[in-house]
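Each remark here refers to the structure printed beneath this line.
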Amino acid sequence: MDEEKVITCKSLSKKFGDFYAVNEITFDVNKGEIFGFLGANGAGKTTAMRMLCGLSFPSSGEATVAGFDVYKQQEFIKKNIGYMSQKFSLYENLSILENIEFFGGVYGLDRKEIKERSGLLIQTLGLEKEAKKMVGELPLGWKQKLAFSVAIFHRPKIVFLDEPTGGVDPVTRRQFWDMIYEAAATGITIFVTTHYMDEAEYCNRISIMVDGKVEALDSPSNLKSKFSVHSMDDVFYQLARGASRSAD
Amino acid sequence: MTFFTSWHVERADQQINMKQLLAFTKKEFYQVIRDKRTLLIMFGLPIVQIILFGFALTSEVKNVHLIISDNSKDVNTLQIINKIKASSYFSVDESVMGYADIEEAFKQGTVKSALIFPSDFAKDLVHSGKAQVQIIADGSDPNTAKTIVNYLTAIINDYQAQLSPTVGLPYKIIPETRMLYNEEGNGSLNFIPGVMALILMIVCTALTSVSVVKEKELGTMEILLVSPFKPFMVLISKAIPYLALSIANFTVIILLSVYALDVEIKGSILLLFMESILFIITCLSLGLLISNVTASQQTALLISMMGLQIPTLIFTGFMFPLENMPWIFQAISKIIPAHWYYLIVKSVMLKGLGFEGVWKETLILIGMTVVLLTVALKNFKIRLS
Amino acid sequence: MNAVTVKNITKTYDKGKVLAVDNISFEVKEGELFGLIGPDGAGKTSIFRILTTLLLADKGEASVAGFDVIKDYQSIRNNVGYMPGKFSLYQDLTVAENLSFFATVFGTTIEANYDLIKDIYDQIKPFSNRRAGKLSGGMKQKLALCCALIHKPLVLLLDEPTTGVDVVSRKEFWEMLKTLKKQGITILVSTPYMDEANLCERIALLQKGKIMSVDTPENIIKAFPYTLYGAKSDQIYKLLNDLRLNGQVESCYAFGEFLHVTLKEKQENGKKILRVIAEQNGHSNIWIEEIKPGIEDSFILLSGEQG
């Protein structure tokens, strides 16, 4: 695997008053890696991810995302990442084409580029006939594939996925992971935050946050053998059971 | 089943119902008291509105600095000046200013109003029975200006009426202004009933509809529907706490009006309370009706605020005189409950009329309430749609 | 007697345009822990709402605890404990206030049925004066379960109680359900998590409003007709494509760490065949083993058959 680092994180912390939401986390993510970022609700996942996406400033520590500093170069970070969450991704009352155009425009692509790429994208997804349909009318599986395609439309270096496949049917979920694998194979780094353990199993490496700290960081199989259990569920259970914090 | 057992079962049912009702009411009170936003709307809104409408928009004036330039200095002008001094509206300054000086004072903003008697005022009045005075007011504050003009005109007219019978000649003092505004001569009084209608309307309808829809959004409504609690009891128990709160609210408005704005309640306070409770029930029914047809708190709030506040503002007649509106608007105003409540409050509070003066309006309001409440209860779904 | 009977139930929305439940039949025995397993949009919530009398089915019959969902809806409302999918209690009431409110609404008191909820309530008791809105997801869910149990229902209907809840709380929740089952309460529960299927006695696999299979989880897995192989190499995405393109491979999809692969014809040496394919395509660190299928494998197979 390419050892180029796209995310580096060194003793990164975020303090709210006396409370360490994120407490000195340190990890690196390699280019083209599918990195799972796990933790129970309230463990500090979201806060950490916000700092990495350039949405909030760390209290201390260092971090770079796509080579840019999280303190000084937030605007560059935002241009080089994509984001998709299961809850919100696309506008239901805009057509497929309009959604693509909108998000392309948001990321500063020029008209010609948008036109070329959206044509290509619709062709790859096999949505030629549906291109003018409202996104709200699409079946969930297609919506999700489209949402992911839109998230990587501007060819970001890293794409952040927030619980991308929760509640989705197994077949669609597989198709979705196909796309993620494909994107990773082209060198896009995939950063998945989730508390669904079966999503975690797909990742090359995962980190598990408990009470603001990264308590485990390894490949799923190594973690399972380290804790001598059979599933990631059990790994997580052992780590998170002792957690003192939990909130929504 | 014998009669006795069936009666017994019913009794037990009723006891449960009463307990449930009580529990529900308690819950609702807790929720309102703990929800700072609701409380703010509930009690902040009336206070702000009353103060806004009462003070800022009021056309009442007190102790206005008035310059009188008396170039005639005779018995008549002296009498008029004394009359003005006797009223509490003006603090009179009888400086010997020339016209140019007065204009300069206006420009500098040190003076808001002036009354000028021409030098031949008395002569004109005695010889031709006609005399002119000039009233100048600062038009940059049109509300106050108009009021000042009105008051002065009223005082002069009053004097003229006093003068005529004793002298036996039809004397006429013509102020250089016209009666433009506010016949009753007191501004804030007219606003109070309107503001009351507006506030009760918004608070009752918005809060009731939002609190019902909130349960739908939370998913608790599903539980309540699946429970043995009778669906229409859900509505009743929603209405009770808001009825109580609205009455408290109404009391706050009345106290504010009486003590902060010096409004005198001429009619029976009891009648005013009863009529207001009726109107509150009308609003609650409307709120329940809105909650039936909306699924999100935002929609409910939007309908209650926009859909009701604007028509209430326009069609009650307290901001814009209804008589000047096209017939279609006047017709619409007849189906707005707030319109009738406004008429009732005006009659009872300002004119001092008793029930015999407002029974027609009351009957209309009762009719509206019955219709609204029936529709709301009928439409309340015992299942999800 | 069956605690829940569903017979040829069909439900559509938008004047028949959206088919949510398509001619479904199943039965839940008294005292059983029965799971409705299916993704979002499979029709789980519609079934629950029909059973709780909140919705009327277009066609078919259903009964809960012996009461017909249409004729005896009032009796059902008295005898069923229900936790809707998005049930979240009154955020601004405390734990104790929520519980006593629901007790009163159901015409009972906390004390009357305390033994039933005791085990669960003890876990949240230290927070009884805390507002429900300030509780963690897991604790909220425990409180919601207490509220659903407070009137000692004959049948407990739980619509996706573990969705969005962390692993630890999910485990605890299933433990609680087992305890309740021992006390004789029939439980019908739905979940989108395939791995939770094994915790139920019997399950119905739902997809697009249809039931694909009703049986015990073991039997459903046993019915999986293929030998299933797990495969991985250093380039998992390439391996996925390579295997799919091979004529001998029936199906291949990503499944956590490995790929799950089945072969077209039953082969004695399937492992070897797959290894050869991988080696021919230049893969390194190849790992191939025969593995036991899970509910999710069955689900994928069945939904493929359904089209």
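Chain A is the first sequence line, chain B the second, and so forth, proteins listed ahead of strands; every chain is numbered from 1. As the structure is a computational prediction, the values presented were derived from the model and not from experiment. Every heavy atom of this structure was used, including side-chain atoms; hydrogens, water molecules and symmetry mates were not.
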Fill in: Side chain, backbone, both or neither of A:A240 within contact of chain C (heavy atoms, under 4.5 Å)
both
Discussion item. Counting only non-hydrogen atoms closer than 4.5 Å, does C:Q207 touch chain A with its backbone (N, CA, C, O), its side chain (CB onward), both, or neither?
Written reply: side chain
Response to the item:
Under 4.5 Å to a heavy atom of chain A? For C:F255 that would be both
Item to complete: Identify which part of C:D195 has an atom lying under 4.5 Å from any heavy atom of chain A, answering side chain, backbone, both or neither.
Response: side chain
Practice prompt. Please state whether the side chain, the backbone, both or neither of C:L240 comes within less than 4.5 Å of a heavy atom of chain A.
Written response: side chain
Discussion item. As an exercise, state the distance from CG of A:L38 to CG of C:D166, rounded to the nearest 0.5 Å.
Written reply: 11.5 Å
Practice prompt. State plainly whether the residues C:E296 and A:R174 are in salt-bridge range, i.e. N to O under 4.0 Å.
Written response: yes
Practice prompt. Calculate, to the nearest 0.5 Å, the distance between atoms CZ and NZ belonging to A:F236 and C:K171 respectively.
Written response: 11.0 Å
Item to complete: Compare every heavy atom of C:A254 with every heavy atom of A:Y181, then report the nearest pair and how far apart it is.
Response: CE1-CB, 3.4 Å
Fill in: Least distance between heavy atoms, A:D178 atom then C:Y237 atom
O-CE1, 3.4 Å
Fill in: Part of C:K44 lying under 4.5 Å from any heavy atom of chain A
neither
Discussion item. Does A:R50, at its CZ atom, have more than 12 non-hydrogen atoms belonging to other residues, nucleotides or ligands within less than 6.0 Å?
Written reply: no
Fill in: Value rounded to 0.5 Å, distance of CD in C:E257 from OG in A:S219
6.5 Å
Worksheet entry | Atom NZ of C:K125 with >12 non-hydrogen neighbours under 6.0 angstrom | no
Worksheet item: Between OG of A:S221 and CH2 of C:W287, what distance do you get to the nearest 0.5 Å?
Response: 9.5 Å
Worksheet, complete the sentence: Between the OH atom in A:Y202 and the CD1 atom in C:I236, the distance rounded to the nearest 0.5 Å is 10.0 Å
Worksheet item: Are more than 12 heavy atoms from other residues, nucleotides or ligands located less than 6.0 Å from atom CZ of A:R117?
Response: yes
